[in-house]
Amino acid sequence: MVISYGAIAGLIAAIAFLVLVLFMIPMLVHTSKALKEVNQTMQTTNKSIQELSTDVDGLMKQSSDLLDKTNDLLADVNSKMKTIDPVVKAAADLGESVSEINASSKKMAKRFNNARIGRGGVISSVLTAMLARRKRRRGEE
């Protein structure tokens with residue numbers, strides 16, 4: 001029984017293929033386990049994304065409601081500010097008037113003080129004139 005070179009080459013190729021398959025089996029098993037883990041991770045991720053999406057939708061609805069309430073409150077505050085505006089303006093005008101009265105009374109007091117001191121008794125002169133007038137009316141001259 002003589003084996004030809006072609007048969008030897010075929011036998012070597014078959015043995016090499018067998019060795020390759022034997023080494024590939026553990027790698028394929030590990031790859032299969034890794035793909036199962038990746039699949040589980042993807043399912044968990046998809047579930048988490050769905051829950052997160054539901055939560056975000058709820059938050060968006062609450063934010064929208066809060067924004068609507070804030071807009072209503074702002075409109076209410078603006079309308080009340082419009083009604084209070086004349087009161088504030090009147091108070092400002094009143095303050096200005098009081099300030100002007102104070103300035104005028106200070107000026108008058110200063111004039112009165114200057115007239116009494118600087119004119120040598122203007123008040124006593126006025127009082128003397130009033131008393132003289134009274135005596136004349138009574139006929140007491």
Inset, instruction - Verify, without hydrogens or angle tests, whether Thr70 (side chain) and Leu66 (backbone) share a donor-acceptor contact under 3.5 angstrom. - result: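 A pair under 3.5 Å: yes.
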
Legend entry - Side-chain (Thr45) to main-chain (Thr41) donor-acceptor, under 3.5 angstrom: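 Here the side-chain-to-backbone pair exists.
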
Legend entry - Side-chain ion pair, Lys80 and Asp76, N-O less than 4.0 Å: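 Here Lys80 pairs with Asp76 in a salt bridge, since their nearest N and O are under 4.0 Å apart.
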
Kindly indicate whether the side chain of [X], heavy atoms from C-beta on, has any atom under 4.5 Å from the side chain of [Y].
X      : Y     : answer
Gln62  : Leu59 : yes
Asp57  : Ser53 : yes
Glu100 : Glu96 : yes

Between [atom1] on residue [X] and [atom2] on residue [Y], distance to nearest 0.5 Å:
X     : Y     : atom1 : atom2 : answer
Leu52 : Lys47 : CG    : NZ    : 14.0 Å
Gln50 : Asn46 : CD    : CG    : 6.5 Å
Leu22 : Phe17 : CG    : CZ    : 10.5 Å
Leu73 : Asp68 : CG    : CG    : 12.5 Å
Ile84 : Lys82 : CD1   : NZ    : 13.0 Å

Legend entry - Shared hydrophobic cluster, Ile3 / Ile12 (ILVMFWY, side-chain heavy atoms < 4.5 Å):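 Ile3 clusters together with Ile12.
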
Inset, instruction - Spell out, yes or no, whether Met27 and Leu20 are grouped together once hydrophobic residues are joined by side-chain heavy atoms under 4.5 Å, including indirect joins. - result: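 Linked within one cluster.
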
